[in-house]
Amino acid sequence: MNQVLSQRESSKQVRRERIVDCARNLIRQEGFDALNIRALAEAADVTVPTIYNLVGGKTVILELMAREMVQQLVSAHETSTTRDPIEKAEEVIAEMRAIYTADEKLSREVMLALDKLDSPLVARSSFHQPGRVVAIEDWQRALDDGLLAGKISSRILARGLTNAFAQAQHSWLLGHISLQEMENQALIGCFITLAADAKPKLHARLVEKIQRLGEGSGFLGSE
């Protein structure tokens with residue numbers, strides 16, 4: 001009996017993965033607006049009710065894709081061994097850029113679609129809650145290591161980090177900047193936030209990083 005149940009669950013999982021993979025392909029080819037459940041059912045060789053039973057509607061499918069991106073970031077953070085807040089920020093934001101670069105069209109379509117649908121997973125809301133949690137942990141370590149003064153709470157600093165990234169990401173989503181520029185702007189915002197509570201040694205490093213990033217990305221504009 002258990003073996004039969006296991007085979008059924010395995011079959012369901014295979015169909016779930018096929019449905020989501022087909023959804024990705026449809027979004028890549030025609031964009032989110034062209035995605036509809038009937039076309040997805042045909043592409044995945046399943047019925048419309050099967051999609052709703054095994055996965056859910058369009059919003060659920062998109063949120064599943066967004067959660068996968070978040071999980072990749074969390075995993076990258078967990079495998080990172082550095083305690084240095086500058087290096088940690090560089091590693092995590094570089095990983096986000098790598099995730100988007102691997103499938104830029106799909107990433108943009110998913111995030112834009114979630115924004116249009118007013119999903120709770122968009123950048124300005126709970127989508128970055130996991131990032132905010134790990135940021136609080138990172139800033140607490142920096143405080144314990146004597147790099148921060150502790151005059152500003154770790155929650156405020158963490159909110160500054162996630163807001164800096166959300167703003168840079170929004171500019172990329174609208175096509176105003178490239179992924180490289182998104183990474184640079186996110187780092188600048190993150191480092192400015194850190195500098196507000198950094199002790200002199202860390203503060204000097206942050207100022208140097210901010211200046212270099214600003215000049216390299218054209219962030220400062222022409223003088």
Qualifying residue, where the test is side chain to side chain donor-acceptor pair (under 3.5 Å) with Gln211 and the options are Glu215, Glu208, Lys209: Glu215

Audit row: Tyr100, Met182, side-chain contact (heavy atoms from CB on, under 4.5 Å) steps and yes/no: CA-CA 11 Å; Tyr100 286 168; Met182 181 194 77; 3.9 Å; yes

Joint hydrophobic cluster, Val60 plus Met111, side-chain heavy atoms closer than 4.5 Å: no

Partners meeting side-chain contact (heavy atoms from CB on, under 4.5 Å) with Thr82 (sequence neighbours left out): Ser80, Asp84, Glu87, Lys88, Glu91

Nearest-0.5 Å distance that lies between atom CG in Leu54 and atom CZ in Arg16: 5.5 Å

Pair Arg141 + Asp138, salt bridge at N-O below 4.0 Å: yes

Closest heavy-atom pair and its distance - Ile37, Gly56: CD1-O, 4.5 Å

Considering all heavy atoms, the nearest Ile177-Ala168 contact: CD1-O, 3.5 Å

More than 12 heavy atoms of other groups within 6.0 Å of Glu42 CD: no

Residues that Gln140 engages under side-chain hydrogen bond (donor to acceptor under 3.5 Å, both in side chains), provided they are two or more places apart: Asp144

Over all atoms of both residues, closest heavy-atom pair of Leu202 and Pro85: CD2-CG, 4.1 Å

Spacing of CE belonging to Met96 relative to CE belonging to Met69, to within rounding of 0.5 Å: 8.0 Å

Atom pair CD (Gln29) and CD (Glu109), whose distance is rounded to the nearest 0.5 Å: 12.0 Å

From CG (Leu112) to CG (Leu173), nearest 0.5 Å: 5.0 Å

Worked verdict on Gln13 versus Glu17 for side-chain hydrogen bond (donor to acceptor under 3.5 Å, both in side chains): CA-CA 6 Å; Gln13 184 59 31; Glu17 292 175 358; 3.2 Å; yes

Leu62 with Val48, same ILVMFWY side-chain cluster at under 4.5 Å: yes

Shortest non-hydrogen separation from Arg18 to Val46 and the atoms involved: NH2-CG1, 3.6 Å

Test log, rule side-chain contact (heavy atoms from CB on, under 4.5 Å), inputs Arg155 and Trp139: CA-CA 9 Å; Arg155 292 184 179 276; Trp139 302 160; over 6 Å; no

Taking distance alone, no hydrogens or angles, what donor-acceptor pairs closer than 3.5 Å link side-chain atoms of residues 187-195 to residues at least two apart or in another chain?
from   : atom 1 : to     : atom 2 : distance (Å)
Thr193 : OG1    : Gly189 : O      : 2.9

Linked, directly or transitively: Leu213 and Val207 (ILVMFWY side chains, under 4.5 Å): no

Carboxylate-amine/guanidinium contact Asp103 Arg24, below 4.0 Å: no

Residue of the set Gln185, Arg97, Glu104 for which side-chain contact (heavy atoms from CB on, under 4.5 Å) holds with Trp172: Glu104

Polar contact flag, side-chain donor to acceptor under 3.5 angstrom, Thr59-Glu63: no

Contact summary for Leu148 and Leu143, nearest pair of heavy atoms: O-CD1, 3.5 Å

Joint hydrophobic cluster, Ile156 plus Leu147, side-chain heavy atoms closer than 4.5 Å: yes

Short side-chain donor-acceptor distance under 3.5 Å, Gln72 and Glu68: no

Thr50 vs Val55, side-chain contact (heavy atoms from CB on, under 4.5 Å): CA-CA, chis, key distance, verdict: CA-CA 8 Å; Thr50 295; Val55 184; over 6 Å; no

Asn163 and Gln167 side chains, donor-acceptor separation under 3.5 Å: no

Side-chain heavy atoms of Ile136 within contact of Leu157, under 4.5 Å: no

Closest contact, heavy atoms only, Thr101 versus Leu179: OG1-CD1, 3.4 Å

Leu106 CG to Phe32 CZ distance, which is reported to the nearest 0.5 Å: 12.0 Å

Point-to-point distance, once rounded to the nearest 0.5 Å, from CG of Asn25 to CG of Leu35: 11.0 Å

